[in-house]
Amino acid sequence: MFTKIRQIAQLFSFKDLRNALIGIVVVFGGLGLAFLTLYAYRVNNPKLAEFSAIASLVFVFVIIIFIIPPLARNASAEASQLNLPFEFTAGGAIFIGLMLIVAFSAWNTGNNLLFLVLSFISSALVVGFFVGNFCLKKLDVKMRFPETVFADEPTPILVSLHNRKKIFPAYSITSEVRGKSRTNSVIFHDLKNILPVKWAEKLSRPPVIKHTLDYFVHVPRKDFIENKVEHIFTSRGRFIIKDFELSTKFPFAFFRHRRRLPAQRAEIIIFPKLEPLDTELYELPLDAGRMISRKRGMGQDLLTLRDYQPMDDLRNIDWKATARSSRLTVREYAAEDEKRITVIFDTRLIRSRKEKSRSMREKLEEEQKGEIISESKKRFEQAVSKAASILAHFAEERAEIRLVIDDRESKFDSGKANLNECLKQLALIEPNYVDEFSNEFINQNFGEVFNDKTESHLFFITSMDKANVPKEISHKAKLVHY
């Protein structure tokens, strides 16, 4: 029981508890001072009334400084997730404040000029609201993205906006795409252990991510505009498209009108960032010319003997084999030094004491901000990027590549399709946090790969210390530590 209460308390930070305590004290203190002021006036005690009035001003000041800003930030964040048709801008809030001042002055003085100014202000506010709302009517947006998307690299995206209005054009339209990077939050499994599944799903919904596509100044009536823009995805993974959002501040920027359009369910796989490799990683001089290829070529190693066919080079005829079989027989040779590359990725990772003591609230804040804070996760991301860079480098050299991630193993193949499949696996992997490293894990998951007789250059990417890696593995593979 106490364990569950302690785990639930991890959802709240010290700052949240402090703000909640200050809020409770301020609210009840303000109510108490109000009743005290009322009591002082009834008993005709001016000194007590003066003291309670001054104390009330202090409480109001505390509310303005400590209570209202956090509430405003939380309300703004919650409002951005909701499908609200409009929201006030900073200019709109100032404009409404001025309108209230003018309205109070006109009512208090009875000045006709102030009433005239108030009518102009009110009409501008009303016209701006309805024109901005009408501007987003009958608009459709489409997006096309390339097959391969890499993190931290400009990605060309085609964005088209179609205006179906017959008479009026559209002005100042911002198009955005909304989606999620995962189906469940990072704390879902932790919450599932202490709360019912339905509550855990509601409390651990992943944040909605927005990506701004383009800004359209003017879209003519019954026409469309298509622009090619470049967008940079900052981290690898998947982006599950949820819907599109169109917004405008036209004409006076008092309101930001929004309209969400449904989108076909699709996902963008963002491949890891490719980085330049050290020369030591991709130079393989010791094995050059010693690996026998299984493809035909112009090498010196005999691949097979077969019957003579028209257009064969007469110099390749094996006369001894021809004499034995009484048929023309030719020799086929293997290509020299066919490179076969196996990248073995060990996802095991040991967290530091500081990272182990992180609360669910800290994990949730990291997810909400979209930033990688923990050092172990940063190291893991660098390792993923290095593995992708190794595969991409040797794929360009037309080598056959293979990726092994824990207990998952792909087949040797060359070409762009195989490289993209390997990069997709790297884009979606997560670290496997353990308390200690064991050689039994290596034997169970990588034993067959290291003992495989198919000649291949091995790269073993692991967070284990080089001194703890078994010697038979360090002799067979090139170690890449992260």
Side-chain angles (χ1 to χ4, degrees), residues 80-81 83-87 89 132-165 168-182 206-251 253 255-275 369-372 381 385 388 392 416 419-420 423-424 427-428:
S80 64
Q81 303 292 328
N83 190 13
L84 299 177
F86 71 94
E87 64 181 8
T89 62
N133 185 49
F134 180 76
C135 189
L136 295 180
K137 299 291 185 181
K138 295 184 178 181
L139 293 179
D140 298 321
V141 62
K142 294 181 180 179
M143 178 183 73
R144 287 182 290 172
F145 50 89
E147 181 183 358
T148 57
V149 179
F150 290 90
D152 282 343
E153 288 188 9
T155 302
I157 299 177
L158 289 176
V159 184
S160 62
L161 186 63
H162 183 207
N163 182 13
R164 294 184 285 107
K165 291 192 285 289
F168 297 100
Y171 296 97
S172 186
I173 306 296
T174 300
S175 62
E176 297 175 315
V177 60
R178 301 170 71 252
K180 299 179 180 180
S181 60
R182 55 198 308 151
V208 176
I209 303 171
K210 286 185 180 181
H211 292 286
T212 302
L213 298 176
D214 200 8
Y215 174 74
F216 298 87
V217 178
H218 173 249
V219 183
R221 63 183 182 89
K222 299 174 64 175
D223 199 359
F224 74 95
I225 291 180
E226 185 176 70
N227 294 335
K228 183 178 180 181
V229 297
E230 288 188 346
H231 185 80
I232 297 178
F233 294 90
T234 56
S235 58
R236 66 176 180 90
R238 59 159 50 95
F239 179 69
I240 306 171
I241 296 176
K242 183 181 178 182
D243 52 29
F244 294 103
E245 181 175 290
L246 300 178
S247 61
T248 182
K249 295 181 181 179
F250 182 80
F255 305 93
R256 180 177 179 265
H257 292 272
R258 291 188 297 210
R259 180 168 174 245
R260 290 181 183 167
L261 304 175
Q264 292 183 351
R265 183 176 177 83
E267 66 177 17
I268 302 175
I269 302 298
I270 304 157
F271 293 161
K273 179 182 178 181
L274 299 183
E275 297 179 343
K369 294 178 181 178
E371 300 176 356
I372 300 175
E381 294 299 320
S385 179
K416 187 177 180 181
L419 174 62
N420 290 345
L423 294 178
K424 181 179 179 180
L428 303 178

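FYI, the numbering just counts along the sequence from 1.
Within 6.0 Å of CZ on F145 lie more than 12 heavy atoms contributed by other residues, nucleotides or ligands.
By the 4.5 Å heavy-atom criterion applied to side chains, P262 and D243 are not counted as neighbours. Side-chain atoms of R144 and E226, non-hydrogen and from C-beta on, do get closer than 4.5 Å to each other.
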Under 3.5 Å donor-acceptor pairs involving side-chain atoms of residues 148-164, not counting sequence neighbours:
| from | atom 1 | to | atom 2 | distance (Å) |
| --- | --- | --- | --- | --- |
| T155 | OG1 | E153 | O | 3.4 |
| N163 | OD1 | K165 | N | 3.1 |
| N163 | OD1 | K165 | NZ | 3.3 |
| N163 | ND2 | F168 | O | 3.3 |
| N163 | ND2 | V219 | O | 3.4 |
| N163 | ND2 | P220 | O | 3.2 |
| R164 | NE | D140 | OD2 | 2.7 |

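F239 and F233 have tilted rings, their planes meeting at an angle from 30° to 60° on a 0 to 90° scale.
Separating the CG atom in L423 from the CD1 atom in I270 is a distance of 13.5 Å, to the nearest 0.5 Å. Once rounded to the nearest 0.5 Å, the distance linking CG of L213 with CD of E245 reads 11.0 Å. Note that the NE2 atom of H257 and the CG atom of N133 stand 5.5 Å from one another [nearest 0.5 Å]. How far CZ of F250 is from CZ of F134: 11.5 Å, rounded to the nearest 0.5 Å.
The two atoms that bring S385 and P272 nearest to each other are CA-CB, 4.3 Å, heavy atoms only. Closest of all the heavy-atom pairs between L136 and L246 is CD1-O, 3.8 Å.
Using modelled atom types, one side-chain atom of S175 and one backbone atom of D214 make a donor-acceptor pair closer than 3.5 Å. Remark: the backbone N or O of G132 is not paired with any side-chain donor or acceptor of T248 at under 3.5 angstrom.
F86 meets the ring-ring contact (aromatic ring centres under 6.0 Å, His included) test with F129, F255; sequence neighbours excluded. Under the rule for a side chain to side chain contact (heavy atoms under 4.5 Å, CB included), the partners of T212 that lie at least two apart in sequence or sit in another chain are T174, E176.
Evaluated for a side-chain contact (heavy atoms from CB on, under 4.5 Å) with I241, the options Q264, R178, E267, M143 yield exactly one hit, M143.
A salt bridge links E381 with R236: at least one charged nitrogen is closer than 4.0 Å to a carboxylate oxygen.
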- Message: Please determine whether side-chain contact (heavy atoms from CB on, under 4.5 Å) holds for the pair C135 and I173, giving the CA-CA distance in whole Å, both sets of side-chain angles, and the decisive distance to 0.1 Å.
- Response: CA-CA 9 Å; C135 189; I173 306 296; 3.9 Å; yes
